[in-house]
Undergrad: 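Quick one: the structure is below, questions incoming.
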Number of protein chains: 2
Amino acid sequence: MASIKDVAGQAGVSVATVSRVLNDHPSVSADARARVLAAVESLGYRRNAVARSLRTDQTHTLGLVISDVMNPYFTELARSVEEEARALGYSVIIGNADERPDLQDHHVRNLLDRRIDGLLVSPTDGGSPLMLDAVRAGTPMVFVDRWIPGVEVPVVRADGLAAVRDLVAHLHGLGHRRLAIIAGPAATTTGQERVTAFREALHAYGLDLPEVYIGQGDFQAASGRRVTEGFLDLPEPPEVVFATDNLMALGALDAIRARGLRVPEDIALAAFDDIPWFVHTDPPITAIAQPTGELGRAAVRALVDRIEGRTPESVTLPARLVVRRSCGEPAEPPASPEPPPAQSPAVRSPVRRSQP
Amino acid sequence: MASIKDVAGQAGVSVATVSRVLNDHPSVSADARARVLAAVESLGYRRNAVARSLRTDQTHTLGLVISDVMNPYFTELARSVEEEARALGYSVIIGNADERPDLQDHHVRNLLDRRIDGLLVSPTDGGSPLMLDAVRAGTPMVFVDRWIPGVEVPVVRADGLAAVRDLVAHLHGLGHRRLAIIAGPAATTTGQERVTAFREALHAYGLDLPEVYIGQGDFQAASGRRVTEGFLDLPEPPEVVFATDNLMALGALDAIRARGLRVPEDIALAAFDDIPWFVHTDPPITAIAQPTGELGRAAVRALVDRIEGRTPESVTLPARLVVRRSCGEPAEPPASPEPPPAQSPAVRSPVRRSQP
DNA sequence: CGCAAGGATGTAATCGATTCCATGCGCTCA
DNA sequence: TGAGCGCATGGAATCGATTACATCCTTGCG
């Protein structure tokens, strides 16, 4: 492949001049510029990003370590991250951790070795020494969706508190009293928060969240299936299962279907994370929707701010409830719930599909 | 960040020796090796992949340019590609072309600039000059799923011919006679092939595929919706809609639902590409399943073969029909179809997992 | 007319590795 | 005992860019 030297030779100038043309340095004569450009064209020269990165110590690349690519939520996140990064002149290398801390470490190490300019992480666990070291060493980093407490890194995430309250209000309004939850890994912030939010919302209605109604999942479909089977085997099974991510909801649906039970007649189902498919499942699933695209874009902006020397703040965007049929009752007018926290009315707008 | 020089200083040896230790060159005394390793440890040294790549002219990175990340089929493909690549010591940079030739070019250019060792592409169109140049210049390349005719590049793909025949047999057996298809872009091989296969299979049953029953889609959900609406507006609407990818099937389902029609009672639906969600839609969708994971792995192996100097062959794996309820009739025993081409009985075996 | 200012250009150092070549040393073997 | 071999090691070139510094030339102004 042609190098800058070849171009210089062909154009009859020095490599310095070629480099200046390539970087639009002002101090180049029109004549020289034209000759260089011609040479570039005729040789089909393309700048070697590797050499350039070595010299400038910038790769114009962002690393994104995601918990699970097969999860549509993260896929959408990845997509918006790439789009925004591209708009800002960066490329993105995606690492799929598959909810495994060891894989997460593998990718972080790999990305660091490649000298990416900054790292976007949705941590699978409480943070390995490797990641903490990277933060300490000053690697620009931003957490998305999940984060690691006590680490000085901006966090871009959705706040589901109000939406979970709306969900509980909705469920309570439909007459449900025995509500169960499929939790995510305790090592993840989202895993914990969602359970806490759910429990508190229940308390507000004088309801309890007994231990047997808390199933330990891992954000994967199989665990949703397993936990749901456990619920169904209980002497007094719950009336509602709330899966804290979309894959576990899918697993729950599997398990329920396998027993020959119907949703929502025999048992209701709700999920955290809304995805296009939820409109088409049988029945359509009531879910808490995150502003995924917005999150991805905000995360990239924060990271790039950090890379370019500014000091970004954490960003928290609200999630919202999308009511469908999986909890009983056709989706229709709010019928604002009765008792306690009447703040934040349930939003029922259709699922957004376009992007801003 | 510590460099090899720092390590050399700390260990009291030359950089050459450090490099030898790092690359396990045999000619290093146990003593020197130990001192280097200790220095590496104490400095937390990590090899700079950028510098290394510049010198060795290898990045140990594969580029994957995919037509659409939001399509679960491609997501799964990407995942398996990354897994196999990792197993072989390569990283993967994914570029999402979003079915847009310009974006595809952007990514190819970017990846080439980054001097990736090889490129995996599922082309969005007939091939831009850029891509053809790259091939001519000797960039190791492999096409996955789709390909560009006339270009000397190995292709790893699924053959849906037999499965499409099985599908038509199934539909015919259910009494359907007016079958329509939502085609993909004519610029893609898969877009054309699937229509051709469908038409021929229909012919075998003495059926015709009239122009009005061929809708032009673009592999995105919106086009599936639009085309399906067109079909439903016809004086004589089809009895079956066959969407040639899963997103267009989703769009078709949308459109059908929006008219208040039922699947399969009012109109049947089938799709190319099977995805986990099809089990849970209402009704579960009959689809042609590709051995996606296997395709991804085979593609990586072929590409790495090519990179390491061997000369890989193209690989074609069979797709298979998965019957569900969306075409009528509960899914049950094959009930081998009656009339013509009795060859290639519907394959219902589990997905093959072994490699050639 | 002479000198300073500043534009255009080239030379060479540099980034962090890898690797060829030369050197020094200890051994073996004739 | 000395020639020769091979191992361990260091020096220095190299990959392809960027960029500080030096140099030369052209202008403008006093």
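Just so it is clear: chains get the letters A, B, ... in the order the sequence lines come, proteins before strands, and each one is counted from 1.
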Undergrad: Could you work out which one of dA17(C), dT11(C), dT18(D) sits closest to the side chain of R47(A)?
TA: dT18(D)

Undergrad: Is any side-chain N or O of R20(A) under 3.5 Å from a base N or O of dG10(C), one able to act as donor and the other as acceptor?
TA: yes

Undergrad: For L22(A) and dT18(D), what is the distance between atoms CG and P respectively, to the nearest whole Å?
TA: 6 Å

Undergrad: Side-chain N or O of N48(A) less than 4.0 angstrom from OP1 or OP2 on dC15(D)?
TA: no

Undergrad: Describe the nucleic acid contact of V50(A) in one word from base, sugar-phosphate, nothing, applying a heavy-atom distance below 4.0 Å.
TA: nothing

Undergrad: So, is S19(A) near the phosphate of dT18(D), with a side-chain N or O under 4.0 Å from OP1 or OP2?
TA: yes

Undergrad: Assign each of S27(B) and T56(B) to its nearest nucleotide of DNA chain D by heavy atoms, then name whichever residue's nucleotide is nearer the 5' end.
TA: S27(B)

Undergrad: Using side chain to side chain donor-acceptor pair (under 3.5 Å), reason through Y73(B) and D68(B) one step at a time and then give a plain yes or no.
TA: CA-CA 9 Å; Y73(B) 166 71; D68(B) 180 5; over 6 Å; no

Undergrad: Have a look at V18(B) and say if it touches a base, only the backbone sugar-phosphate, or nothing, with a 4.0 Å heavy-atom cut-off.
TA: nothing

Undergrad: With side chain to side chain donor-acceptor pair (under 3.5 Å) as the criterion, how do T75(B) and N71(B) come out once you've worked through the C-alpha distance, each side chain's angles and the decisive distance to 0.1 Å?
TA: CA-CA 6 Å; T75(B) 307; N71(B) 184 327; over 6 Å; no

Undergrad: Report yes if at least one side-chain N or O of S29(A) is closer than 4.0 Å to OP1 or OP2 of dT9(C); otherwise report no.
TA: yes

Undergrad: Please determine whether a side-chain nitrogen or oxygen atom of R33(B) lies at a distance below 4.0 Å from atom OP1 or OP2 of dA8(D).
TA: no

Undergrad: According to a strict under-4.0 Å criterion, is T17(B) in side-chain N/O contact with OP1 or OP2 of dT9(D)?
TA: no

Undergrad: Just the rounded figure in Å: distance from C1' of dA17(D) to CZ of R115(B).
TA: 11 Å

Undergrad: Rounded to the nearest Å, what distance is computed from the CD1 atom of residue I4(A) to the P atom of nucleotide dT11(C)?
TA: 14 Å

Undergrad: Quick one: is R55(A) getting a side-chain N or O under 4.0 Å of the dC15(D) phosphate, OP1 or OP2?
TA: no

Undergrad: Distance check, rounded to the nearest 0.5 Å: N96(A) atom CG versus R100(A) atom CZ?
TA: 9.5 Å

Undergrad: Under the side chain to side chain contact (heavy atoms under 4.5 Å, CB included) rule, what do I307(B) and L62(B) come out as? Steps first, then yes or no, please.
TA: CA-CA 10 Å; I307(B) 290 171; L62(B) 269 28; 3.7 Å; yes

Undergrad: Distance check needed: dA8(C) C1' versus H25(A) NE2, whole Å only.
TA: 9 Å

Undergrad: Go nucleotide by nucleotide along DNA chain D from the 5' end; which of L54(A) and D31(B) gets its closest nucleotide reached first?
TA: D31(B)

Undergrad: For dG16(D), does OP1 or OP2 lie under 4.0 Å from any side-chain N or O of R52(A)?
TA: no

Undergrad: If you look at every strand shown and take non-hydrogen atoms under 4.0 Å, does A32(A) touch a base, only sugar-phosphate, or nothing?
TA: sugar-phosphate

Undergrad: For the pair made of CG in D57(A) and C1' in dT19(D), what is the distance, rounded to whole Å?
TA: 15 Å

Undergrad: Hey, does N23(B) reach any base, or is it just sugar-phosphate, or nothing, if we go heavy atoms under 4.0 Å?
TA: sugar-phosphate

Undergrad: Calculate the interatomic distance between R35(A) atom CZ and dT9(C) atom C1'; express it in whole Å.
TA: 11 Å

Undergrad: Taking only the side-chain heavy atoms of V15(B) (C-beta and beyond), determine which of dA12(D), dC15(D), dG16(C) contains the nearest atom.
TA: dA12(D)

Undergrad: Tell me: CG of D113(B) to P of dA17(D), nearest whole Å?
TA: 10 Å

Undergrad: For R109(B), which of L111(B), D105(B), L112(B) qualifies under side-chain contact (heavy atoms from CB on, under 4.5 Å)?
TA: D105(B)

Undergrad: Minimum heavy-atom separation for R46(B) to R115(A), with atom names?
TA: O-NH2, 3.4 Å

Undergrad: Rounded off to whole Å, could you give me the CE-to-P distance for the M1(A) and dA17(D) pair?
TA: 10 Å

